[in-house]
Structures are given as C-alpha cells and as structure tokens.
Colleague: 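First, the structure itself, so that you have it in front of you.
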Amino acid sequence: MNFIASHYLTLILFFPALAAVIMLFLPRDENKLLRWFAFGASLVPFVLSLMVWVNFNADQPGFQFEESYVWYEAIGSSLHLGVDGLSLTMVLLTTLLTPLAILASFSITDRVKPYMMLFLFLETGMLGVFMALDLLIFFVFWEVGLVPMYFLINQWGSANRDYASLKFMIYTMGGSLGLLLAIQMLGVLFGTFDLVSLYRQWNSLTADRVLLGMSVHTVKTIAFWAFVIAFAVKVPLWPFHTWLPDAHTEAPTAGSMLLAGVLLKLGAYGFLRLILPLYPVEAKMFAGALAFLAVAAIVFGAFAAYGQTDFKRLVAYSSVNHMGFVVLGIAAAGLASGTTDAAIALNGAILQMFNHGLSAAGMFFLVGVIYERTHTRNLEEFGGLFPLVPVYGGILIFTSMASLGLPGLNGFVSEFLVVRGAFPILTVYTAISMLGLLFTGAYILKGIKKVLHGPVNEHWAHGEHKLTEISTREILVMAPLMALILWIGIWPAWILNVINKAVVALF
Amino acid sequence: MVPLSWYLILSAGLFSIGLFGVLTRRNAVAILLGVELMLNSVNVNLAAFWRYGDVTQMAGQVFAIIVFAVAAAEVAVGLALVISVYRKRNTVIADDIDLMKW
Amino acid sequence: MTTETLIWLIPLPPILAFFLIVLFTNKSKALSHTIGVGAAALSWLASMVVFFRAIGVEHLGEHPFESSLNWLPTGDTFLKIGVLIDPVGAAVLFFVSITIFMIFLYSVGYHNFGQPKGDHDVAGLPPHGATVEEHGRKHVVPSIEPMYSRFFAFLGLFAFGMYTLVVSDNLLTLFVGWEIMGLCSYLLIGFWYGKPSARNAAIKAFMTTRVGDVFMLLGIAFLYWATGTLSFREIFTEETLHILGTTMTPIFGLSAAGLIALLLFIGTVGKSAQWPLHVWLPDAMEGPTPVSAMIHAATMVSAGVYAVIRMFPLLTTDFNGHELTTAMSVVAFIGAFTALFAATIAVAQNDIKRVLAYSTISQLGFMIAALGIGAYVAAVFHLITHAFFKALLFLGSGSVIHGMEHGVLHTGNHETDPQNMFNMGGLRNKMPITFWTFLIGGFALSGFPILTAGFWSKDEILADAFGHGHMAVFITLAVAAFMTAFYTMRQITLTFLGEPRTKEAEHAQETPWTMTAPLVVLAFFAVTYGWVGIPEHFPLFGGLVPNWFHEFVGGTLAEHPEALEFNVVPLLTSLFVALGGLFFGWLAYRNVQTPAEDKFQIPVLKNKWYFDEAYDFLFVKPAYWFSETFVSAWMDKGVIDGILHTFGKVTQFLGDIIRNYFDLPVINRFFGDGTADATQWVGRNLRPIQTGRVQQYFMLALVIFIVVGAALYYLLLA
C-alpha cells in the first residue's frame, strides 16, 4: 500500500502503457479477452485517480503527490510529475473517459488488439501532459498523444479518413513545432525545464543575458507566441479550427469521444498552465485579441454547427462553440488577473472543460450508436426515430440539453460562471457571445428535430433496416456520464471547490 | 614427467586430423565431428599449458570448461540443424544444401 | 416540520415523480398517473400548509420564511441559493399549486385513461380512436394516449420547474426553474412530435423564449457583478438599490438598475410572449390542451410576469410616484401595446385555442403594463385571477375539443377540425357543465362587473392607470379590454349558443368527471378570488370585506403602496367596456354561420399582422443563409480550408520541383544509381569465387592463413 501511496501518479501514468505492452502477448483473435483486458486495465488508473482525488488536499497551494526521477540529467530535464486542483480535474476526466471509450468500442471487430493498445497508449499520452511538471516531458507526452490518435483515425475511421487524419496530424504538428522550439529556448536560457523552478526563476532572470543574440525579453516573447499558436490549434480557436470537424467526423466513435473529451482540453490546459502564469503581461496585452477569437469561435461555431447536415459534424462544431467559452474565460482572466471576476471566469472555464468533456463525449457516443445501426450520419435520412428507440431518444435529449446549457445540468453552471466572470471585464464580447449561446439552442434543437422528431421514416421502421434500441452496454457507457452531468448541475460545489482553490492559489 | 612438447604434438596431430575431416568430408555429421576434434585438441593444449605454467592460476582450466560448454552447445545446435535439414531435404551432404547459393 | 423545511420540500414530489416514471413505471399507465397526481397532490398540500402559515404571520413582508445554503464557491465568496416565501410568493404559490393539481387531474381524463388502446395509434401522434363492439354493434370510441406515462413525467418536471421558480430566494434558481419550464414547454408542445407542425412549434417556442433568456442571463451576470449577490432580499436593500440607481451606464442614459431591469425584462418578454417575442405562443397550441393550460395560464407565462414582479424594486428604483423612469416607460409601453395588439388578432381567429392564446398574450400585456406604471398589487392580483380563469378557459376549451372529437369519431368524418369554432355551435345542451364553467371563465376574462374576479383585478389596473395620470396606458388598455369582451363573447356565441352547425357538433358529448371536476373547482376561484381584493373606497361594496389582498401582497414592498382614491371614470369605463363588449359580441355573432359571414376576418388580423412572415424573412432565412452558406460553406470550407489547401498545394509543388529537378536527376541518377551500378558491376564480377561450398572457403582460409602466417613469421622474426 505504501508503494502505491507514494507512486500514485507514476502508476496512473504508466499503467495503461504497461497494459498495452502486456496486450502485445495476448492472442490476437480472442476479441472478448482483449476487450475486457483493455477495459479492466483502463479502470485501474481511474480507481487510482479517485484515490488521489480523495487524498488530495485542496487547501494546500502548489503541487501535490509530486514525484521526480532522473531522466535526462545532461540537459536538466527530469521526469517530474505532480498535480494541483487544475490538473487533477483533468486527470480525473481522462481516466473516467478512457474506460468509457473502451467500453464504447466493444463493437469494434476489426483488429481489436492494436485498436485497444492504441487507446491505452493514448491514455498515457494525455495523462502525461496533465501531470508533467517538466516542459520537455510535457512536450513528449503532448506528441505521444498525437500518434495513437492519428492511427485511430487513419485505420478505423470512416470514408474520408485519410484526408482527416493527415489534416489532424499536420495541423497539430505545425502547432507543436513552435512549441518545441520555445521549450528548447527556455530550457537553454534557464538551464532547466522544470516548471516549478521556472515559475520561481521566471521574473528574477536579469535582462542582460543573451541567447543567440536575443535578449531574455525577445526569447520570452517568441516563446509566448509559439505557445499561443500551439495551444490555439489544439483548443481549437477560430480560425485554427477546421481540422476539428474533419477529424471528429471521420474518427471512430470512441476516438471522437476522447478527441472531444480530452484532447481539446490539452490546449486549454496549456493556456492555463503555461501562458497565464508565465506571461501575465503579454496575456493582458493580447487578451482582447484572444477574446475576439474566442467570441468568433463561439458565434461562428454555433452558426457552423447549425449549418451542418451531418450529425457528427454538427456535434463536432458544437465543440468549437463550447471551447470558445473556455477561452473567453481565460481571456477575461488574463485581462484582469487577480480580481474576483477573473477567479470566477477561470472557475467557469475549467469547469466548462470538464463539463464539455462529459457532454461532448456523450454526444459523440450517441451519434456513434445511431451510426452503427444505420451507417449514415446524414440528418436528412433520419427523422421520427423517437417511437422506434424511446430510450435512446430520452438519453439523446438529456445529453443534448446538457450540451445546450440547460440550468440544472452541468453546462449551465460553467457557462454562467464564464459569463458572470467575463461580463464586467469584456462586456461587449460577452454580450456578442450571447448570440452564440442563442444558436447553441438552435443547432441542438435542429439535431433533435431531424433525428427524433417528425413523421417516422419508414425505412428504419421495418425489415432489415429496422432500428434496434440502445443496448445495455451502451447505456452503461452513458450512465456515468449522465449521472455526473446531473450531479454537477445540481451540486457543483464538490468539484468547483477544488478548482476554485487551485485558481485562487495559482492566479 | 612427459615433456610439454609431447602434449603439443598430440594436440597438433588431433587438430590436423580434425581440420582434415572438416575440409574433406561431405557428410555434415562428419564435419561436426571434425570440429569437435579441433576443439578438444585446443583443450589438450590449455590443460597442458596450465600444468606446466603457474598452477595457482586457474585460467587455463576455466577456458577449457568454457570450451566444453561451447562444444556441447555447438553440437546440440549443429545436430539439431542437421536433423532438421535431413527431415526437410532428406540429405546430410553439405554440398547438397545449396538453397542460399546464388 | 418547520415551514422552511416544508418550503424546501415543495418542489421535490414532482421531480421525484418525473424520475420514478421515466426510470421505472413507464410501462404501467395507471401507476404512472397515480405517482404523478399523487406528487401534485403532495406539493399542493405542502403549499397550502405554507400558505396558511404565511397568512398567519404578521408583517410577513419584513420577516418572510427564508433559508439558504452555499452552492457555488466563487473566489473567496460563495453563491448562495435558498428558498423564500414572502407575501407575493405565498399568493402565487396558492394559485400555482391549485392549478397544477387541477391540470394533473384533468390530464387523466383528457388522455382517455380507461379507454382501450387505439387501432392504429403510434407514439408521437395524437390517438385516433379505437373500435369496440358493444351490443353487437361496432363503434369508434376515443383511445388512450400511447405516451400516457411520459406525459405525466413531463408534467412533473414542469411542476418542479414552476415550484422552484416560486420558492426561490434568488435569481439563479429562479432562472433554473425558468429554463426547466422552457425545456418542458418544448417537450410538451412537441409532445406529438410526429406532427411536423408540433415539432416546429416546439422549436419556435424554445428559440423565441431563448432570445429573451440570453438577455436575462446577461442581466443576471450584470446584477451579480454589480451587487455580489443574487438573493432578492440582499439586493433589495435601500442601500444597494440606491447605488444601482445612481450608477450610470453608457447605454441610453439608463442607470445600472434600469439596465439590469430591462435586460431581465427582455427575458420576460420572451417567456410571457409579449410583443415582439409573442410569436411562439399561438403556435404552441399544437400541444395537448392540459399543456396549453399549464403553459399559458397557470405557470410558464405567469413566470415571466412573476419575474418582473420580483424585480419590481429594481425596476422602480428612482421612481417618484409620477414620472415614469425610462425602464418603466419601456415596460409600460410594451405591456399596453401588446395588450391591444394581441386583442386585435384574437378577434379574427377561428381556432378555439388560438383565440385563448392571443387573449393570454393580451392579458399578460395588462399585467406588464400595470407593473410598468408601478401598479404592483394590481398586477399581482390580475396575475392570480387571470391564472384561475384562463386555466379554466383552456381546460374548458379542451373539454369542448374532446367533446367534438367524440362527435368526429362518431361520424367518422376526420375532415372536420374539432378546434374550429365554426364547426361548433349549440354545445350548451350537449356539454352543460363545460358550458357553464366556460361561461364563468369567459365572463371573468371579459371583466363582467361585480361577480367575477376578472372585473376586480382589471378594474384595479385601469383605476391605477387613470389615478396616476397615465392616460395613454389607460386608453389603450380600455380599448383592449373592450375587444377582450368582444372576442370572448364571439367565442362563447360561436361555440355554445345557437344551433349545431355540423353533424359532429350534434354528437358532441360531455366529458368524464376527471375533466369537469377541475373546471368546477377553477370556476369557483374564478368567481370568488376577486372578492379578497375589493378596493376599500369602492361604492357599495368597498369595506364590506377588508381589502385583504392589498394589505397582504402590498406588504412585500418596503414602501407599502397606498390605497387608491376612488374615481368614477375608470369604473364607468370598466363597466362600459365589459358589458358593451359582451353585448356587441353577442349581437354580431348570434346569426353568423360560416366564416364568410364574419365581418372581422380582416386579412391583416387573421394573418397576425404578418409577424411570422416578417420574422421568417428578417431572421430565420438570414440565419439559415449565414450558417449554411456563409459560415460553413464559404468561410470554413472556402476561405480557411482554402488557405490550408493552398499551403498544401504549394508545399506539394515545391516537393515536386525538388523531386523532379534535384532528387531524380542528381541524387537518384548520379549518386544513387551510379553507386548502385558500380557496386553491382563489382559484385557480378566477383561472383564466380562464391561457390557456396563451405569446405572450399575453409580451404582457402587455411591457405591464406598459412601464407600470411608464414609471411609474418619471416617478416617479424627475420
């Protein structure tokens, strides 16, 4: 027990990868065994992160459960892990969504072994980013998460998968090029990649040190922009968002769940972990531009979602719309850091990340459920499915409402906090973002209208195309999501408490 | 006591016989036998030099034991290969096994 | 149990019923409605207990029942939520709980509980009737609603929303209840989602109210920021209001208080279907009738007015009693305009429920106008009386439609629209209970003097407007009131009086007791509720019973509103518009048989002043264009992806150049192929010595070894 207690983070981080390696030795054709093994293996980090959550002391500022191992001593990089309220929330989201995504992929029959292995590797990659307290490690895991997702889209995706996976890869790689450069420069400048000591040294470094003929100030500014672009692509911020609808749409169901649920959060997390604490001045200077892009994402995302005829694309664009609120909160916090308004906006932004993880994963899964049965995502080909699949319909409406931000469900709490926090700081932008909120309603209702309501489409009512009701396994995937959605909607304090204290301590 | 040179002559003789076998026999098993003979002639050399050199230094004996182990391993692998080849191609003649030849 | 605990518990039974029905008892119709009605009864009971405890407390306004807890941590403070029952809350709770309970009960009959399953009924469409054999004869009877259980679940959720809204002590939970009702109205209007019209109406309702809601959300955010709290009691302290009233905003020279009040008011405009966001409400008639009653009378639209009532101190900050502030003028204008505007449309409608829908909009306009001119008590009073008689009218119209459907099933002629008033006539003999209760409701709506509740509340609004010199509002409302009486009488005449105009009307039948009992109960309140608020100075009746309502509800405000001096002008106006309207309505329609004979079928009124068409042209179509063509196709796929693809193309082009002009000729041909060719040549020539004979190699090795050994030997030793 002592070993576990002192190595929580390493265990959570590497257990999935280890399990993936073990899977290598399992027989290739035993689909059932492979699925259950992967599912079981992904449950372990979840249980461990729950234990971390329970043992986490929210009142203590700074990082907890820190672990540090020698990794690359020559250049001053070490495997330094640790969590605070911000990253712990994201870790919990990741370890929760991965088992669900794996459970959701039980219907995959094609090359189950590599598929499941990729998922486990993906989990390690995502967790690493959230836990890393070392910039180089951060970058390594940032890229590690990319590769499995590329193959998941490229190998198990739908018709247009080559285009989508390539676009996804190149877009993100393009973003992370600058990231690596910036990290290197900071590393050389400071002699360490360790975030904690970077935080400490950041402002004490004298301006007369020179790197490649550039002053400290220049280096910092270059790093700032490199960070911003890398994270903006990942969030994704308008106008860097066009990889998202393609990648989401073509990815296999579970892939979209994690893509929307967790991978998008990496970008926002980068903003919160690196940009706001390291660049308060620049963040303040460019907060207006950031807010503009955020509002553009909110408004255009909502309109674009409304304009889709592909159900999955509609949901994909909804992610652009929702993540816009996260960035709006971040921009507001950047502009007025230290105030109560900023703290509220950040609370909202972080909670929105968590909430969007739940609702977007749920929405993508539900799209997947119906796609699996009908092999089409075209909204025009559905219609009137509600009487055929009442349980599915109920779940879809519930999740859609969470996505719409209905009070009483989770999305409202975070959107309200963002709006409340951003309103006094970025009044006009917040007011314009309301247009996006309005059209959030429009596209969600459009989705429900085209799929569930209206006259029954006889094609799905009889014969070989008869639509079957959502299965118990699929309900089990949705059940934890729905329970959390409702729970956070009614009693958000349990999670917001942790977030709030982290925000107060950090910014 | 028998002088050292006698041992060396014995050893050289064994070695030459072995080498002759290796070079001239067409049967793979016989080639293996020749190799064994050569290895053992070395062992004779090693033992003899130890005995006539510094007796407290065990290096010669240790080398001899290692050579035994190597020889045993070699025979095991070699014979296994030969048997496997025989099963597949029904011959143990080294020249007939020329699949990899250009 | 303490009253506070009880208040917390009021909203719970309906939401529990919702979850129970959805998760467990969906299959059993009887169990589901038992749970639903039982939950409504429990909440009603709890509300009554709270209400009677509340009226027993002296100075409830200063010391209301309240209790709160920390809900959200925000920075170093907490956002609290809690419950509050002050006089207004108690009064509203009273009518809400009764009407909700009645509507639950009514739904049992309306959805034909106890009838057989339909022959061709499917979920998502209204039931079509079932064929049964009785005494050797086949005939068609109404069939039970296929989604019977679901209906009660939705009603439960709706009731939860309304109770939450009423007992809230803060804007946030008020907004939560508000939006949950919005969702339920969407689900319930679209209850028969199989009909495209119902589906579209549901979306229209949700979207139109959402327009208001996002402004309201802004208002809430503003208020929360400005005051640091959302709790009514903390906002409405003199100090806070003063600060809000004196802080100026750059928008239209409004004070912060005025701006917040207006932002919140836009929410109400959406929810209470005021002009210009009124368009959803008539379409919402696609829902089952109990839903219409629930949405249009008892709860949801009242919620809009209730929100303004709650925000009244904010709205009237800086109000000196005579000069309306900017915010108040806007509210008063919208209210009065809507009252008249909706009444004009109601005159030309033929659908029995649509008339009521427009009349609801118009009556809500009365309340909003009253609030706009500062007539607080009158607005609350009219809100409550209206809820009773309008619920009564809606349920009555449902009963009429139900009776007509019976006739339709009997004749088998499904062409006949059971909601069109021109297909009715003479129903007073067929459906006596419905007729008499409908008559009471109609008279209350028209403001029939002395007897009905509608008279007292409407008269009070008119008197207030006149008494404080808001003549424009007074005249507008008076005209609207005249038209109200007129179209009400038109409706009653066309529906119940005269002779049946169709076969279906001849075979209409009175509805079961579960439907008529709520009518009777509501009719009782539609008459008697007016008597609790008879003005003190009213001739003859004034002072016979104390003006309890004024005393009680007025106590909510920090400054107790004064009783109005009696003036004969508004009274005479009231009498004239009510009686005159009724008389002319009867006069004009007593002999009308077909729509062609109806002189008021003016196209512009019939087509609702073309608002739907205008909105379609101005907002809906551009929104489609903007999202489909501009954002999706042009901007994302065209510009942004275009830039990306150009990048891709340029990169590929560069790659091709490098490949064709450097890689292929230089590296491949020269270095690559050249090296390979040379190597190959050497290899080919060396090949003969590779015999593949190990023993040959060995021999060679031996020879070389000996030669080299010998050479070394001689070289080194010699």
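Computed from heavy atoms alone, side chains included, the values below leave out hydrogens, waters and symmetry copies. So that the names make sense, note that chain A is the first sequence line, chain B the second, and so on, each numbered from 1.
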Colleague: For the CG atom of C:L72 and the CG atom of A:L351, what is their distance to the nearest 0.5 Å?
Modeller: 8.5 Å
Colleague: Are any of the side-chain heavy atoms of C:F626 and A:F439 separated by less than 4.5 Å?
Modeller: no
Colleague: Does the side chain of C:W225 reach to within under 4.5 Å of the side chain of A:R420, using non-hydrogen atoms?
Modeller: yes
Colleague: For C:K637, does the NZ atom have more than 12 heavy-atom neighbours from other residues, nucleotides or ligands under 6.0 Å away?
Modeller: no
Colleague: Heavy-atom distance under 4.5 Å between the side chains of A:W243 and C:L644, does that happen here?
Modeller: no
Colleague: Where does the angle between the aromatic ring planes of C:Y193 and A:F386 fall among parallel (under 30°), tilted (30 to 60°) and perpendicular (over 60°)?
Modeller: parallel
Colleague: Side-chain contact, heavy-atom cut-off 4.5 Å: C:D641 with A:K167?
Modeller: yes
Colleague: Roughly how far apart are A:E415 CD and C:L217 CG, rounded to 0.5 Å?
Modeller: 8.5 Å
Colleague: Given that the side chain runs from C-beta out, which part of C:I81 has a heavy atom under 4.5 Å from chain A: side chain, backbone, both or neither?
Modeller: neither
Colleague: Can you see which heavy atom on A:G408 is nearest to which on C:V176, and at what distance?
Modeller: N-CG1, 4.1 Å
Colleague: Quick check: do C:E179 and A:F412 have side-chain heavy atoms less than 4.5 Å from each other?
Modeller: no
Colleague: With ring centroids as reference points, do C:H645 and A:Y163 lie under 6.0 angstrom apart?
Modeller: yes
Colleague: How long is the gap from CD1 on C:I203 to NZ on A:K449, to the nearest 0.5 Å?
Modeller: 5.0 Å
Colleague: With only heavy atoms counted, which part of A:I425 is less than 4.5 Å from chain C, the side chain, the backbone, both or neither?
Modeller: neither
Colleague: CZ/C:R199 to CG/A:L445 distance, rounded to the nearest 0.5 angstrom?
Modeller: 12.0 Å
Colleague: Step by step, would you call C:D636 with A:T242 a side chain to side chain donor-acceptor pair (under 3.5 Å)?
Modeller: CA-CA 7 Å; C:D636 274 14; A:T242 55; over 6 Å; no
Colleague: Are A:F303 and C:F630, when compared by the centres of their aromatic rings, separated by less than 6.0 Å?
Modeller: no
Colleague: With a 4.5 Å cut-off on side-chain heavy atoms, are A:H453 and C:P196 touching?
Modeller: no
Colleague: Below 4.5 Å, heavy-atom pairs only: which of C:Y186, C:F175, C:W178 has the largest tally toward chain A?
Modeller: C:Y186
Colleague: Taking A:W491 for the side chain and C:W71 for the main chain, is one N or O donor matched with an acceptor at less than 3.5 Å?
Modeller: no
Colleague: Is A:Y317 close to chain C through its backbone or its side chain, or both, or neither, when contacts mean heavy atoms under 4.5 Å?
Modeller: side chain
Colleague: Between A:F416 and C:Y224, what is the ring plane arrangement, given parallel below 30°, perpendicular above 60°, and tilted in between?
Modeller: parallel
Colleague: Would you give the length of the straight line joining atom CG of C:L187 to atom CD1 of A:I397, rounded to the nearest 0.5 angstrom?
Modeller: 5.5 Å
